[in-house]
**Q** 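The structure follows.
Just so you know, these numbers come straight off a predicted model, no measurement behind them. Computed from heavy atoms alone, side chains included, the values below leave out hydrogens, waters and symmetry copies.
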Amino acid sequence: MARLILFNKPYGVLSQFTDRGTETARATLSDYIDVPGVYPAGRLDRDSEGLLVLTDDGALQARIASPRHKMPKTYLVQVEGEPDAASLDRLRSGVVLNDGPTRPAAARRIDPPELWPRDPPVRYRKSVPDCWLELTITEGRNRQVRRMTAAVGHPTLRLVRWRVGSWDLGDLAPGTWRSAE
């Protein structure tokens with residue numbers, strides 16, 4: 001039976017187990033997870049937070065990570081400004097990025113979620129409002145959500161992956177993990 005781990009990746013942690021070849025050591029998964037043989041199914045950028053699924057099953061890892069399988073991934077995204085209906089419609093119909101058009105996304109405004117404080121905190125500017133979106137995509141290009149929100153004029157300030165397929169963060173605190181089925 002495959003081993004499956006759900007991990008709440010903190011801000012600033014690399015989605016890999018080692019950080020060889022850099023002058024200054026950066027936090028990696030090995031600082032939090034001491035389970036032999038598991039590997040991340042997909043990635044989360046160092047400056048993103050939230051759900052990272054790890055498994056010891058290569059076929060399952062491919063099903064989760066490969067855009068070919070269209071597994072939905074849901075993000076809570078704090079953006080600069082207040083997107084109007086036209087901006088949300090652009091996200092829903094797909095945005096053209098420098099590496100081609102994205103698949104349509106589910107996008108909606110949400111109330112600010114009850115999340116843990118981020119360290120360091122998100123910059124606050126009194127003169128520029130911000131709001132939260134829930135964005136679900138079925139592919140996973142490099143920094144895709146950040147590039148999508150920027151393309152519609154609302155740069156991402158904070159990005160938290162909440163759900164991958166049927167797995168979600170639930171009440172996992174940053175830096176903690178649990179086994180899943």
Side-chain angles (χ1 to χ4, degrees), residues 1-78 94 97 99-100 102-107 110 113-120 132-149 156 158-181:
M1 179 127 191
R3 181 84 195 253
L4 192 68
I5 290 176
L6 306 180
F7 175 58
N8 187 346
K9 187 190 89 60
Y11 179 90
V13 174
L14 296 174
S15 294
Q16 58 198 44
F17 281 96
T18 63
D19 187 28
R20 293 190 190 112
T22 58
E23 290 183 25
T24 55
R26 299 177 290 183
T28 67
L29 298 177
S30 62
D31 295 318
Y32 298 91
I33 301 169
D34 186 19
V35 178
V38 297
Y39 299 94
R43 301 181 72 79
L44 261 182
D45 296 326
R46 186 174 173 212
D47 54 354
S48 299
E49 310 162 72
L51 184 60
L52 189 63
V53 179
L54 298 96
T55 183
D56 61 358
D57 181 329
L60 177 59
Q61 185 181 24
R63 266 196 321 276
I64 294 167
S66 173
R68 175 179 57 224
H69 297 288
K70 298 181 175 84
M71 183 170 284
K73 296 161 185 78
T74 300
Y75 298 83
L76 306 180
V77 189
Q78 184 181 19
L97 302 175
D99 56 350
T102 66
R103 290 184 187 141
I110 59 172
E114 290 186 29
L115 296 172
W116 53 89
R118 195 185 85 174
D119 184 25
W132 284 87
L133 304 176
E134 181 183 85
L135 194 61
T136 302
I137 61 173
T138 57
E139 51 191 341
R141 299 184 204 179
N142 185 39
R143 302 181 70 81
Q144 180 176 341
V145 170
R146 291 176 188 281
R147 294 189 300 140
M148 288 175 73
T149 63
T156 294
R158 186 174 183 189
L159 182 62
V160 178
R161 183 160 56 200
W162 191 258
R163 177 181 296 278
V164 174
S166 62
W167 303 291
D168 66 31
L169 271 181
D171 60 358
L172 266 180
T176 64
W177 61 272
R178 71 173 177 265
S179 292
E181 296 180 19

**Q** For Leu172 and Leu6, work out which heavy atoms get closest and say how close.
**A**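 Shortest heavy-atom separation between Leu172 and Leu6 comes out as CD1-O, 3.4 Å.
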
**Q** Given the rule in the side-chain contact (heavy atoms from CB on, under 4.5 Å) test, do Thr156 and Arg143 qualify, once you have shown the distances and angles that lead to the verdict?
**A** CA-CA 11 Å; Thr156 294; Arg143 302 181 70 81; over 6 Å; no

**Q** Quick check for you: to the nearest 0.5 Å, what is the distance between Leu159 atom CG and Thr149 atom OG1?
**A** 8.0 Å

**Q** Is it the case that atom CG in Asp34 sees more than 12 heavy atoms from other parts of the structure closer than 6.0 Å?
**A**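 Atom CG in Asp34 is not crowded, with 12 or fewer foreign heavy atoms closer than 6.0 Å.
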
**Q** Nearest heavy-atom pair of Ile137 and Ala105: which atoms, and what distance?
**A**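 Reported closest heavy-atom pair: CG2-CB, 4.0 Å.
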
**Q** For the backbone of Asn142 and the side chain of Arg147, can you confirm whether one donor and one acceptor N or O come within less than 3.5 Å of each other?
**A** yes

**Q** Would Val38 and Phe7 count as a side-chain contact (heavy atoms from CB on, under 4.5 Å) here? Give the steps.
**A** CA-CA 12 Å; Val38 297; Phe7 175 58; over 6 Å; no

**Q** Can you list the residues that meet the side-chain hydrogen bond (donor to acceptor under 3.5 Å, both in side chains) rule with Arg43, with sequence neighbours excluded?
**A** Gln16

**Q** Got a second to check how far Tyr32's OH is from Asn8's CG, nearest 0.5 Å?
**A** 10.0 Å

**Q** To check you understand the geometry: which heavy-atom pair defines the closest contact between Phe17 and Pro40, and what is its length?
**A** CE1-CD, 4.1 Å

**Q** So Asp119 and Tyr11, side-chain contact (heavy atoms from CB on, under 4.5 Å) or not? Walk me through it.
**A** CA-CA 7 Å; Asp119 184 25; Tyr11 179 90; over 6 Å; no

**Q** Quick check: closest heavy atoms across Val164 and Leu51, and the distance to 0.1 Å?
**A** N-CD2, 3.6 Å

**Q** Measuring from atom CG of Leu76 to atom CD of Glu134, what distance do you get when rounded to the nearest 0.5 angstrom?
**A**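 Here the interatomic distance stands at 6.5 Å.
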
**Q** Between Glu139 and Arg103 (side chain of the first, backbone of the second, donor and acceptor by atom type, cut-off under 3.5 Å), is there such a pair?
**A** yes

**Q** Is Lys73 reaching over with its side chain to a backbone N or O of Ala65, donor-acceptor style, under 3.5 angstrom?
**A**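 Absent.
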
**Q** Once rounded to the nearest 0.5 Å, what's the spacing between atom CG of Leu133 and atom CD1 of Ile110?
**A** 7.5 Å

**Q** So do the side chains of Gln78 and Val160 get within less than 4.5 Å of each other, counting heavy atoms only?
**A** no

**Q** Going by heavy atoms in the side chains, are Leu4 and Leu60 under 4.5 Å from each other?
**A** yes

**Q** If you measure from CG on Leu29 to CG on Asp19, what distance do you get to the nearest 0.5 Å?
**A**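 Here the interatomic distance stands at 11.0 Å.
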
**Q** Using side chain to side chain donor-acceptor pair (under 3.5 Å), reason through Arg163 and Thr136 one step at a time and then give a plain yes or no.
**A** CA-CA 9 Å; Arg163 177 181 296 278; Thr136 302; over 6 Å; no

**Q** Quick one: are Arg158 and Glu49 in side-chain contact, heavy atoms under 4.5 Å?
**A** yes

**Q** Between Thr55 (side chain only) and Arg3 (backbone N and O only), is there a donor and an acceptor less than 3.5 Å apart?
**A**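 Such a contact is found between Thr55 side chain and Arg3 backbone.
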
**Q** Would you confirm whether Ser15, through its side chain, and Leu44, through its main-chain N or O, come within 3.5 Å as a donor-acceptor pair?
**A**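 Yes, the answer is positive, given that a donor and an acceptor are paired below the 3.5 Å cut-off.
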
**Q** Could you measure the distance from the OG1 atom of Thr102 to the CE atom of Met148? Nearest 0.5 Å is fine.
**A**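 Output value for this atom pair is 4.0 Å.
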
**Q** Tell me the closest heavy-atom pair linking Ser48 and Arg146, and the distance in Å.
**A**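 Where Ser48 meets Arg146 most closely, the heavy atoms are OG-NH2, 3.2 Å.
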
**Q** Using a strict cut-off of less than 4.0 Å between a Lys/Arg side-chain nitrogen and an Asp/Glu carboxylate oxygen, indicate whether Arg63 and Asp57 qualify as a salt bridge.
**A**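 Between Asp57 and Arg63 there is no salt bridge, as every charged N stays at least 4.0 Å from the carboxylate O atoms.
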
**Q** Might you work through the side-chain contact (heavy atoms from CB on, under 4.5 Å) test for Trp177 and Leu54, ending with a clear yes or no?
**A** CA-CA 10 Å; Trp177 61 272; Leu54 298 96; over 6 Å; no

**Q** What closest approach, in Å, do Met71 and Trp167 show between heavy atoms, and which atom pair accounts for it?
**A**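 Heavy-atom minimum between the residues: SD-CZ3, 4.3 Å.
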
